[in-house]
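Structure first, then comments.
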Amino acid sequence: MSPSLAENLLDWYQDHARSLPWRDNPDPYNVWIAEIMLQQTRVETVLPYYDRWMTQFPALDSLAQATQQEVLSAWEGLGYYSRARNLHRAAQIVMDELDGKFPQDVKSLRRLPGIGRYTAGAIASIAFGLDEPALDGNIRRVFSRVFDVRHLARSKESEAQLWQLAASHLPAGRAGEYNQALMDLGSLICTPREPDCSACPLNKHCQAYFLGVQAERPLRPERKSLPHHIVGSAIIERAGQVLIAQRPQDGLLGGLWEFPGGKIEPGEDIAAGLKREICEELGVEIEIGPAYGVYQHAYTHFRVTLHAFLCQLDGRQPQNLYHTSLAWTEIPSLVDYPMGKIDRQISNALIDLPRSLAPEI
DNA sequence: CAAACGTGGAC
DNA sequence: TGTCCAAGTTT
């Protein structure tokens with residue numbers, strides 16, 4: 001009798017498993033942090049963040065006791081910041097409501113914020129040794145090829161079929177290894193472009209390879225083009241300090257700090273639009289000074305071109321009409337506030353070129 | 001349930 | 001240079 005899919009896979013994994021820090025000691029906390037960081041994020045990107053995180057927040061209690069600003073600063077640059085806010089909240093829930101005991105089954109894991117179907121299965125199988133499936137992007141691709149799934153990727157039909165496949169081939173008692181082996185296989189061999197089918201331990205099982213259609217699986221839906229927004233931002237300076245604002249908790253870059261401003265309406269003059277935004281957000285008129293750079297950035301669902309300006313207030317105090325909070329800060333202290341990429345670039349420019357704030361000096 | 005949610009790297 | 005992609009979750 002020829003070896004099963006799981007047998008071939010696990011044999012391969014024994015020799016080819018990647019050495020990763022969270023695999024050294026796969027306790028629930030380590031696996032949880034790694035799984036959240038790895039959501040929609042490459043392993044190479046995660047590695048330095050994971051190491052710093054474990055130094056700063058070595059266990060559940062230290063994470064629960066940290067401030068949200070500390071957590072967001074540790075996360076800065078990783079993106080999808082709700083992951084960090086949810087990790088922090090979940091750590092506090094476990095400490096305060098669950099007596100410090102991390103949930104140990106899929107159903108209770110999924111009650112924690114930020115843990116969905118995939119992550120619950122991953123933690124349950126890897127950290128607790130339970131026979132649970134975990135379907136991520138790699139495993140979707142592997143199974144879409146091995147079983148020649150012809151439904152459109154992410155459709156209801158393909159999701160149902162793939163979760164069924166992920167569950168139906170689990171080797172009893174070795175689900176954690178199996179799930180990780182599938183992910184390593186997807187990452188190393190069964191790659192999105194030019195999979196290395198000749199080196200694949202599953203090529204004898206692979207229907208797409210047999211049919212020569214592996215490059216066309218999974219079946220991808222068409223993508224829409226991204227909208228492009230023009231944004232104005234005000235670097236409001238007063239007595240050697242600049243005004244920064246903390247974004248609302250929900251939505252884009254929630255909880256991070258920014259230079260206030262906003263979207264310019266189509267056809268609107270940039271300076272006029274920036275004055276309007278500042279008036280809406282801070283209830284004050286500004287005088288717009290020298291331009292301070294044009295910044296291009298692509299988010300997941302839109303692109304922006306951001307125009308920054310050095311600005312002065314009209315003498316009145318800004319009111320907080322939109323943000324979580326406002327702060328006046330010395331320029332060197334901007335490093336202490338978590339920010340998204342563009343505002344970090346602006347901050348770094350200010351730190352590197354402080355004289356440009358006071359060109360008369 | 002379609003849309004929102006970041007960023008960096010490969011081609 | 002623009003597009004695609006990468007260990008998903010939430011609303």
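- For the pair A:Gln345 CD and B:dG8 C1', the computed distance is 12 Å after rounding to whole Å.
- Summarising the geometry, the separation between CD1 on A:Ile36 and C1' on C:dT10 is reported as 12 Å, rounded to the nearest angstrom.
- A cation-pi arrangement is found for A:Arg238 relative to A:Trp328, the charged atom lying closer than 6.0 Å to the ring centre and inside a 45° cone about the ring normal.
- In summary, the aromatic rings of A:Phe302 and A:His297 are positioned with their centroids too far apart to meet the 6.0 Å limit.
- The nearest whole Å value for the distance from the CH2 atom in A:Trp257 to the C1' atom in B:dG6 is 20 Å.
- Residue A:Leu253 is classed as a sugar-phosphate contact, given heavy-atom separations below 4.0 Å to backbone atoms only.
- By the 4.0 Å N-to-carboxylate-O rule, A:Glu285 lies too far from A:Lys275 to be salt-bridged with it.
- Using atom C1' as the reference point in both C:dG8 and B:dC1, the two lie 15 Å apart (nearest Å).
- Rounded to whole Å, the distance from CG on A:Asn86 to P on B:dG6 is 11 Å.
- The base of B:dA3 is not paired with the side chain of A:Arg223 by any donor and acceptor separated by under 3.5 Å.
- Between A:Tyr49 and A:Trp75, the gap from one ring centroid to the other reaches at least 6.0 Å.
- Side-chain atoms of A:Thr300 come within donor-acceptor range of the base of B:dG6, with a qualifying N/O pair under 3.5 Å.
- Within 4.0 Å (heavy atoms only), A:Ala298 reaches at least one base atom of the nucleic acid.
- Here B:dA4 is the nucleotide among B:dA4, C:dT9, B:dT7 with the atom lying nearest to any side-chain atom of A:His301.
- Looking at heavy-atom distances under 4.0 Å, A:Ile115 makes contact with sugar-phosphate atoms alone, never a base.
- Using C1' as the reference atom, C:dC5 and B:dG6 are 13 Å apart when rounded to the nearest Å.
- When rounded to the nearest whole Å, the span between CG of A:Leu47 and P of B:dG9 equals 13 Å.
- Regarding A:Arg117, its CZ atom lies at a distance of 13 Å from the P atom of B:dC1, rounded to whole Å.
- Within the structure, every side-chain polar atom (N or O) of A:Arg83 is placed at least 4.0 Å from both OP1 and OP2 of C:dT10.
- The CZ atom of A:Arg154 sits 15 Å away from the C1' atom of B:dA4 (whole-angstrom rounding).
- Distances shorter than 4.0 Å separate some side-chain N or O of A:His297 from OP1 or OP2 on B:dT7.
- Looking at every heavy atom in both residues, A:Trp12 comes nearest to A:Asp184 through CH2-C, 3.9 Å.
- Note on residues 58-70 of chain A: no pairs pass salt bridge (Lys or Arg N to Asp or Glu O under 4.0 Å), not counting sequence neighbours.
- Within 4.0 Å of A:Gly254, counting heavy atoms only, lies no atom of the nucleic acid at all.
- Nearest-nucleotide positions on DNA chain B for A:Lys156 and A:Leu78 put A:Lys156 closer to the 5' end.
- Note on A:Arg141: only backbone sugar-phosphate atoms sit closer than 4.0 angstrom, heavy atoms only; bases stay farther off.
- Here the P atom of nucleotide C:dT9 and the CE atom of A:Met37 are 16 Å apart, to the nearest Å.
- Distances shorter than 4.0 Å separate none of the side-chain N or O atoms of A:Gln39 from OP1 or OP2 on C:dA7.
- When the P atom is used for both C:dT9 and B:dG8, the distance is 23 Å, rounded to whole Å.
- The residue among A:Arg303 and A:Asp250 whose nearest nucleotide of DNA chain C is located toward the 5' end is A:Arg303.
- Within the structure, a side-chain polar atom (N or O) of A:Thr119 is placed less than 4.0 Å from OP1 or OP2 of C:dT9.
- Residue A:Tyr80 has no polar side-chain atom (N or O) positioned under 4.0 Å from OP1 or OP2 of B:dA4.
- Under 4.0 angstrom from either OP1 or OP2 of B:dG6 there lies no side-chain N or O belonging to A:Arg247.
- For A:Thr41 and B:dG6, a side-chain-to-base donor-acceptor distance below 3.5 Å is present, hydrogens and geometry of angles not being considered.
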